[in-house]
Amino acid sequence: MTRGFYIGRFQPYHKGHHQVIEQIAAEVDEVVVGIGSADQSHTLQNPFTAGERMMMITKCLAEMDLVTYVVPIEDINRNSVWVSHVTAMSPHFDVAYSNNPLVIRLFDESGINVRQSPMFDRDQLEGENIRERMRQDEGWRELLPEPVVQTIKEINGITRIQHIADTDASGRADPE
Ligand code: NAD
């Protein structure tokens, strides 16, 4: 029995992430999806809460024939102990999947086997690009799995991103 671990911020979970998990599913029996920066939300870089990202991912993975666990992982202010923090929060895993250079280095130095995955349509399927399209409310739906589009609708995600962008432009951290 092999269990894989895939970490990301998933702001939002997009079709590139989903293709990675489909590939991971072909290599392992179970997958743990770590929602990184779980403590972050309501900013332009991290608009969605850990709970909202759990909804997005859980609904997408429900369509797959695979045992999955979705685990929120808060950031900690010390990279050297981050892997211990991850392993304390997650079911045991045998292999980690990431293309993030810092994540790869930290797992590698902790003796955890790391595999990289191909990047899918990276010109389009990239978080910052998708968040900017969401701010403009144009051309973002086709880049996300349908359950993610539904979740964003349910939580009024577009209005939130547009409001946060307005707040940032006005320079007020705490809008009245
Ligand atoms: P992300 O959501 O940007 O990406 C998740 C994974 O998907 C990455 O491996 C990325 O390369 C891959 N990906 C993105 N687009 C893709 C595409 N089109 N095709 C294929 N793969 C694609 O998340 P991330 O930034 O890699 O997440 C790492 C998390 O780990 C962050 O939350 C970070 O804060 C956390 N972290 C925290 C610490 C700490 O707290 N000290 C240290 C290291 C990492």
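Whatever order the structure lists them in is the order used to number ligands and atoms, beginning at 1. All figures in this text were calculated on a predicted structure; none of them were measured in a lab.
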Enquirer: Would you say S37 and ligand 1 have an N/O pair spaced under 3.5 Å apart?
Expert: yes

Enquirer: Side chain or backbone of H17 under 4.0 Å from ligand 1, or both, or neither, by non-hydrogen atoms?
Expert: side chain

Enquirer: Considering non-hydrogen atoms only, spot the tightest contact between V20 and P118 and give its length.
Expert: CG2-O, 4.4 Å

Enquirer: As an exercise, identify every atom of ligand 1 less than 4.0 angstrom from a heavy atom of F10.
Expert: 2 (O)

Enquirer: Mark whether atom 4 (O) of ligand 1 lies under 4.0 angstrom from at least one protein heavy atom.
Expert: yes

Enquirer: Is E128 paired with R133 through a side-chain N to carboxylate O contact shorter than 4.0 Å?
Expert: no

Enquirer: If we ignore angles and hydrogens, is there a donor and acceptor under 3.5 Å between the side chains of Y97 and Q23?
Expert: no

Enquirer: If you measure every N or O of I7 against every N or O of ligand 1, does any of those distances drop under 3.5 Å?
Expert: no

Enquirer: Just which atoms of ligand 1 are under 4.0 Å from any heavy atom in S98?
Expert: 9 (O)

Enquirer: With a cutoff of 4.0 Å, is H14 in contact with ligand 1, counting heavy atoms of the residue only?
Expert: yes

Enquirer: Check each atom of ligand 1 against the heavy atoms of V20 and keep those under 4.0 Å away; list them by number with element.
Expert: 20 (C), 21 (N)

Enquirer: Report the part of V103 (side chain from C-beta onward, or backbone N, CA, C, O) that has a heavy atom under 4.0 Å from ligand 1; answer both or neither where that applies.
Expert: side chain

Enquirer: Using heavy-atom distances, let me know which of I130, L102, I104 sits nearest atom 43 (C) of ligand 1.
Expert: L102

Enquirer: Heavy atom of P118 under 4.0 Å from ligand 1?
Expert: yes

Enquirer: Distance under 4.0 Å to a non-hydrogen atom of L106: what atoms of ligand 1 satisfy this?
Expert: 42 (C), 43 (C)

Enquirer: Between N79 and ligand 1, is there a nitrogen or oxygen pair with a distance under 3.5 Å?
Expert: yes

Enquirer: Under 3.5 Å between some N or O of ligand 1 and some N or O of S117?
Expert: no

Enquirer: Run the salt bridge (charged side-chain N to carboxylate O under 4.0 Å, His left out) test on K15 and E22 for me, step by step, so that the C-alpha distance in whole Å, both residues' side-chain angles and the decisive distance to 0.1 Å come before the verdict.
Expert: CA-CA 10 Å; K15 285 183 176 175; E22 283 173 345; over 6 Å; no

Enquirer: G8 heavy atoms, cut-off 4.0 Å: which ligand 1 atoms fall inside?
Expert: 2 (O), 5 (C), 23 (O), 27 (O)

Enquirer: Over all heavy atoms of both residues, which pair between V32 and R3 is shortest? Give the atoms and the distance, please.
Expert: CG2-CD, 3.7 Å

Enquirer: Indicate, as side chain, backbone, both or neither, the part of Y97 found under 4.0 angstrom from ligand 1 when only non-hydrogen atoms are considered.
Expert: neither

Enquirer: Shared ILVMFWY cluster between V148 and V70, side chains joined below 4.5 angstrom?
Expert: yes

Enquirer: Check each of Q45, R122, E126 against atom 15 (N) of ligand 1 and report the one with the nearest heavy atom.
Expert: R122

Enquirer: Using a strict 4.0 Å cut-off to heavy atoms of N100, name the atoms of ligand 1 that fall inside it.
Expert: 9 (O), 24 (P), 25 (O), 26 (O), 28 (C)

Enquirer: What are the two closest heavy atoms between D29 and L66, and how far apart are they?
Expert: O-CD1, 3.4 Å

Enquirer: Taking only Lys NZ, Arg NE, NH1 and NH2, and the carboxylate oxygens of Asp or Glu, determine whether R131 and E126 approach each other closer than 4.0 Å.
Expert: no

Enquirer: I'd like to know whether CD of E142 has more than 12 heavy-atom contacts from other residues, nucleotides or ligands below 6.0 angstrom.
Expert: yes

Enquirer: Nearest heavy-atom pair of I104 and Q116: which atoms, and what distance?
Expert: CD1-CD, 3.5 Å

Enquirer: With atoms numbered from 1 as shown, which atoms in ligand 1 lie under 4.0 angstrom from a non-hydrogen atom of G36?
Expert: 32 (O)

Enquirer: Please say whether L125 places an N or O atom under 3.5 Å from an N or O atom belonging to ligand 1.
Expert: yes

Enquirer: I'd like to know if the side chain of E146 pairs up with that of Q150 as donor and acceptor (distance under 3.5 Å, no hydrogens or angles considered).
Expert: yes

Enquirer: Out of curiosity, is I76 lining ligand 1, as in a heavy atom under 4.0 Å away?
Expert: yes

Enquirer: Against ligand 1, does Y13 come closer than 4.0 Å with any heavy atom?
Expert: no

Enquirer: Do the rings of F5 and F93 sit parallel, tilted or perpendicular, given the 30° and 60° boundaries?
Expert: parallel

Enquirer: Does F120, backbone or side chain, put an N or O under 3.5 Å from an N or O of ligand 1?
Expert: yes

Enquirer: Among the clusters formed by ILVMFWY side chains lying less than 4.5 Å apart, do L61 and Y69 turn up in the same one?
Expert: no

Enquirer: State, without any angle test, whether S37 and N46 hold a side-chain donor-acceptor pair at a distance under 3.5 Å.
Expert: no

